[in-house]
Structures are given as structure tokens and as C-alpha cells.
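First up is the structure itself, then whatever we jot down about it.
Chain letters run A, B, ... following the sequence lines, proteins first, then strands; residues in each count from 1.
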Amino acid sequence: MSKIMIITEKPTAAKKIAEALDEKGSPKEVQKRKASYFECSRNNDILIVVYALGHLFELKQTEPGWKYPRLDTEWVPKYEVIKKDKSSKPLINLMNKLAKDIDQFIVATDYDIEGSLIGYLSLVYACNAEPNKATRMIFSTLTKKDIVESYESPSSLDFPMIDAGQVRHEVDWLYGINLTRALTLSVKNVAGWFKIISTGRVQGPTLSFVAKRDYDINVYVPTPFWGIKIIGEYEGTKLEIEFEKKKIETLLDADNIVKDLRNTSATIKAINRRKRTQSPPSPFNLSGLQSEAYRHFGFKPSRTLALAQKLYLDALISYPRTSSQKIPESIDVKQILKNLETRKKYSAEAKQILKIEKLIPKQGEKTDPAHPAIHPTGNKPTRRLTPSENKLYDLIVRRFFALFGEPAVKESIRADLVSGKHKMYLRGLRIIEYGWMRYYKPYAYTKEKEIPSIIEGESLSLTSIEREDKFTSPPARYNPSSLLKVLERKNLGTKSTRSGIVDSLRSRGYTLNDTFEISTLGYATLDTLETYVPRVLSIEFTRHLEEEMGQIQDGAQRREEVLAEAKRDLLTLLKTFKEQEKEIGQALVAGLQRYWKAKEELGPCPACEDGTLIIIKSPKTGKRFVGCTNYREKKCEQTFALPQKGIITPLEKECPHCGHIMFQVRSGRRKWETCVNWTECPGRQEDIQELEKRRKQRSEKKEDKK
DNA sequence: GCAAGGTC
């Protein structure tokens, strides 16, 4: 009898592996203070299944000081670097203690670069085990079959993969930490202000994409063009008719067309009908879910990820950080549908789908080595979901339903009309078969457009002809969802990190509001990097790193060589940077000053024409209030009182009650939104009542518990 | 006080 330790990446994986390997299928979960592990028996062996929580170890500089350059690092427990982290210590301590009388170690983390590294570091630094004697379980799904097979035919640790992972961490650390410090300290040394100005392998290109778009919009010159708006009539029904050309280049041409068509009728020359089938959509992977949730609910991708994580922890949906669009056969879709059938909200659709003889879900193209596509588990919620959680859950359930639907069939009709030398079109669209759209209902919509039944040779009168004056428009600004898609397409960041990186542009102050308009600070940072470190702005940096990681995995390069080269390059960069620190600092300070100034403005003054509202600190009383920029010259007397505590950030919206500007107040852990007119606003009375009501409910609940 | 990558 021997004692075997299996190291996994996360608690849910540990549980599944323990259940699959335990002879009775019911492993014992042993609680140890703030951590736990699973114990099972198999073939007279005792299996101890422990879990990490992603990375438990981090890189730390070996030399002290918040300075640059810092080129040497070592692996240390996460809690040594991140003060707030409370979870890594109990897990590392538990592994350390349990490892003392283990005969055999098995790494069973996700089979990818980061997973292999997580396993290796836990093995070496938490368990003090000899990695050459440990083995590796390799599985692609957490099904009993895969787990048992991988347990029975173990491999050795994949050292080239682990090396590649280490290099990824080290290069990102070297560039990210050193350049961020260089930027930040240049400002500190020039102006004495401490404001983190960050960059990195992914942040750099992301900022540069947004800047490129901002630039394209700023230099865009709209050109005029003209359109023709035609309303026709057929047996008393008014019809919108499309002119053959959507864009007419000159005013003269447009006017001539209007003249030609006025008071005429058009003859129907041909009627074209085309049937088109539309297959069901693919199962959700994380980015698909994020993009759909943004479209329908306006949720930022980072919010969708956070909500999905909660649903996953409540066992309502499968693991959300997946890139797979496949529902493998091992998932019992019938059981999931049966469970959903018991829910009033979903029973009708589930019942209908369960009538289908062979339940085969639609599959998408993308795969993931570790997890299937996002799908509901069918479990009933054990608590009341928040409105946002409910929305996201509903979207996931209905998308799952849609996978079993028939293709939708649409028919488009185009009637070709002629009047004199001009051609026009009358278009209609109708849905013949709803198919999967029935199941995905609120989230699948096609505008149907009815047209009367007409036949070739008939004519209809053109009752109104109007010229439309238009301008071409610049490219659209990014939104959180479209920017995330760009990162995905360029293979920058990962499914778990992209949404956070998109948010970081805003939280660092590189962009204003959520419109991805670049701030003066963003421009100054970009300018500096372009001049001194263009490499960190290009996606080539990532491509090069990927290449070298590949070579390490193929055995064509050694980790130490790649690292030495990275350090050498970085050191020359940092040297020139330090020599120019003063100029760099001055440029960044200028951008920062203008950024802060820009931020202080809350919006137009409601009382006068040319003023803007700003936050003013009274020199006499020291109290802050909102006033008009014309207040100081006594041209405008508009003022609003402000709460005296907390950080105030203006919001891009108006109060629904009084129309005044809204802002957010953050005081300690609390934050709330209110309008600038809060002392007078009628809506605030309602808010106060609402707050009172909630407070009462809360205190009642507390009493109930007692 | 910093990166990017896992995870809760």
C-alpha cells in the first residue's frame, strides 16, 4: 500500500478527479482550516488529491527597492508578494504538510503551459518533491473515462513546456515591471507626484490600437454625398423604395434624379425570391458569451466574466474560462434538459426539445484542451440570483436550447422597378421557419418586412421623392466588446485576462469614459513609448516571445539563453531611458496635468451659455462644491453643494429625475451615484425612501436569523 | 503602488 498525492489546478477539478478515482466514487473531503483536500482509495493505495488556486507562486525581485533596472527574480509564495492575498498560504502549508509521507507525486493540472508550470512549482516549492520522480496525468476532459485512463498510463513531467512557461513569466515581468517603474519614476522625479503609469507586453499594443483608431477618427474628413428617399404606393399601401445607388456623388446628379422621378410611376420588371437557411448558433465560449452579453445587456466583458464565475461557483453553469465551442458527447444533454424542464420558466422549451429523437447539439469550430463550451448544468439555484445574474443565466440556457433547433428559413424578396432610365428596388423579408430562433427568442431577432403581393408588369405610383443630404462617417470608436475581439484576433492576452486589460486602459487614465477616446495622458505615454521603446507597443513582441517559447518546447533553444537575450536588450533600453528621464518626465507631466484638468470638468452649466461645471474648493471654508467656470468672475452664480467626504468622479449620464449631471461618490468601501442637484432633486427623496426600505428589510432578515 | 497569467 502506498500513499499518492495528486496535484490539481482548482477545487472543482480536484473534486472531479477524486470522484473518478475513488473506488466507491465517494471520496472524503478533509477540511483543514482555510483549505481542504480529498482522500480516496484505489487498488489498496491511498490517494490524496490537493488543489492549487491557479498560481500559488510569483516572481519577486532578488534585489530590494522600487527602482529600475531590476533584472533578477526568484519564485516565492504568492502571499509574500501580494499582501492582500489570503488564500495561497493555507494551500501551500497544507501541501507542505501532507507531502511529508507521500510515496509518489502526480501532477494533474490543466494540460497547457501555465498548468504545467503551476503543477511544477507546487511540486518543487510547496511539496519539496523531486520533479524527475513525479509523473503527469494528461487528460482533455474531466470525465471519468479520461481521468482513469490518464491515471493508469501516466507520463513524465514535460520539462520543455515548464521552461517555456517560466520564460513567459520572466520576460513579462522584466519588461512590465521595469518599464512601468521607468515611466512612473520619471514623473515622480520631475514633479514629485506618484501616479502609476503602466505598460506591458499586452497593455502596450492595446493602447496603441485604441490610439490608432482615435487618430483615424480625428483626421477623418467627412465628404458629402446624397441619397434619394422614395415612397411609393400600391393599392393604398405606402412602401419604402430603395434607389439603385445608395451614394450619389454630386448634388447636381441628385437633383436631376429627383426631377426625373417626381410625379411618375414605376413598373415592376422582375421579382426575385431567395430562400436562405440559417443554422443554429455555436455553443458559447467565453468571448462569445461576453460579446452577446454586451450586445443584449450592455455588460462589460469583465462584468460578464465576474457574473459567470458566480454562476459557475453555484454549479449553475459549466466552467466559463473556455475557448471551446464544442459540447462533447460525454455531456449528458438529455439529463440537463430534463432538469431544466422542471423549471417553470424553461419547461415549455425543454419539453419540446426532449421530443427530438436524437439530441445532437450544434458544434462550433473552436476547441479548448481543458474545458467544453459554456452550458447550463441544469441544477436549480439555491439562492435568489441578482437581476444581472439572472439575465446572463437566461442567455446561457436559451443559447443551449438553440443548439438543438432546426435551421431557420428566411425568404427575401426583391422587386426590380424601373421608371424611365432609373432603377429601384422594393425589398421584403419574411421568416418561413423559425427553427432554433424559437428557443433563443428574445436574443434572436430579424426584422421582418412585409410587402404586398405584386406581380410583374404592374406599376406603382411614386408619391414622394426627396433628396437626402448626407456625410460619410469616420470609423466607429471601440467599445469594450469590440476591443476585446481585436485582442482575441491578434492573439494578445488570454481568455481570462483580456477583459481586465481592456478595463485597465480606463482605470489608468489612458482613455476617457467608456468611449475609448484617448486622454492627454494616454497620448503622452504612447509618445514616450514610441520614441524609446517602440517594441513594447508592437504585437511583434508577442509573436517573437511565442516563437521562442516554441523553440524552447522543441528543444531548439535553452531557457537561459532566451532570458539572457531579453535582459541584454532591456538593459540598453533602460539605460537610454534613464539618460532622458528628465525630458520624458516633463512630457508625461504635461499630459498628466492636462488630463487632470480635463477630468475636473463635469459638463455644461445649466444656468449660463458658455460655462462648464467644475469642482471648486472654497478658500475660506475649505469646503468643496460644484460651481460654474464663470463663477469666479461673478458672471454666473450657479452652484451646487457636494458631499464633503469621498472621491468624486463625474459620470457620463444625466439624472432621470431632474436632468442634472450625475457623479459617483466613493467613500471607504461604499460607493453610490447621485446627481449634482442632490439637495433639491425630487428623485433623491425617492432614493432615500428606497434606501430606508432596504435597510428595514435587512434588519428584518437579521432578526429572522436570530 | 508595477506585468500577465492562473484562480476565487
Within the structure shown, what part of the strands sits under 4.0 Å from [X] by heavy-atom distance: base, sugar-phosphate, or nothing?
| X | result |
| --- | --- |
| Q309(A) | base |
| G165(A) | nothing |
| Q166(A) | nothing |
| R321(A) | base |
| R498(A) | nothing |
| S87(A) | nothing |
| Y175(A) | nothing |
| Y68(A) | nothing |
| T494(A) | sugar-phosphate |
| I196(A) | sugar-phosphate |
| K78(A) | base |

Query raised in the report: Checking T520(A) side chain against Y595(A) main chain: does a donor-acceptor pair fall under 3.5 Å?
Result: yes

Cut-off 3.5 Å, no hydrogens considered: what does the side-chain donor-acceptor table look like for residues 30-40 of chain A, sequence neighbours left out?
| from | atom 1 | to | atom 2 | distance (Å) |
| --- | --- | --- | --- | --- |
| S36(A) | OG | E29(A) | OE2 | 2.7 |
| S36(A) | OG | Y51(A) | OH | 2.9 |

Applying side chain to side chain contact (heavy atoms under 4.5 Å, CB included), can you list everything that pairs with [X], at least two apart in sequence or on another chain?
| X | result |
| --- | --- |
| P328(A) | S330(A), I331(A), P372(A) |
| K16(A) | L142(A) |
| P154(A) | T135(A) |
| N96(A) | K100(A), N128(A) |

Counting only non-hydrogen atoms, which of [range] are less than 4.0 Å from DNA chain B?
| range | result |
| --- | --- |
| residues 370-391 of chain A | none |
| residues 560-590 of chain A | none |
| residues 105-122 of chain A | D110(A), E114(A) |

Query - Nearest-0.5 Å distance that lies between atom OH in Y68(A) and atom CG in L183(A) - result: 8.5 Å

Requested in this report: For the residue pair N285(A) and S324(A), confirm or rule out a side-chain donor-acceptor distance under 3.5 Å.
Outcome: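 There is no such pair (donor and acceptor under 3.5 Å, judged by atom type) between the side chains of N285(A) and S324(A).
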
Query raised in the report: Do S287(A) and E488(A) have a side chain donor and acceptor closer than 3.5 Å?
Result: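 Note: S287(A) and E488(A) side chains meet the donor-acceptor criterion.
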
Query raised in the report: Would R558(A) and D163(A) pass as an ion pair if we require N to O under 4.0 Å?
Result: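 So R558(A) does not pair with D163(A) through a salt bridge.
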
Report task. Could I get the full list of ring pair (Phe, Tyr, Trp, His ring centres under 6.0 Å) partners for H55(A), not counting sequence neighbours? Result -> H169(A)

Query raised in the report: How would you list, by chain and number, every residue that makes a ring pair (Phe, Tyr, Trp, His ring centres under 6.0 Å) with F105(A), sequence neighbours excluded?
Result: none

Using atom types as modelled, flag every donor-acceptor pair under 3.5 Å from a side chain in residues 302-310 of chain A to any protein atom, sequence neighbours excluded.
| from | atom 1 | to | atom 2 | distance (Å) |
| --- | --- | --- | --- | --- |
| S302(A) | OG | D503(A) | OD2 | 2.6 |
| R303(A) | NH2 | S388(A) | OG | 2.7 |
| Q309(A) | OE1 | R321(A) | NH1 | 3.4 |
| Q309(A) | OE1 | R321(A) | NH2 | 3.0 |

Requested in this report: Would you check if the distance from the ring center of Y319(A) to the ring center of Y312(A) is below 6.0 Å?
Outcome: yes

Query raised in the report: Which nucleotide of DNA chain B is the first, and which the last, in the 5' to 3' direction, to come under 4.0 Å of a heavy atom belonging to chain A?
Result: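 Range of nucleotides within reach of chain A: dG1(B) to dC8(B).
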
Query raised in the report: Of G54(A) and W173(A), whose closest DNA chain B nucleotide lies nearer the 5' terminus?
Result: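 The 5'-side residue here is W173(A).
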
Query raised in the report: Starting at the 5' end of DNA chain B, which residue's closest nucleotide do you reach first, Y312(A) or V81(A)?
Result: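 Whichever sits nearer the 5' end wins; that is V81(A).
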
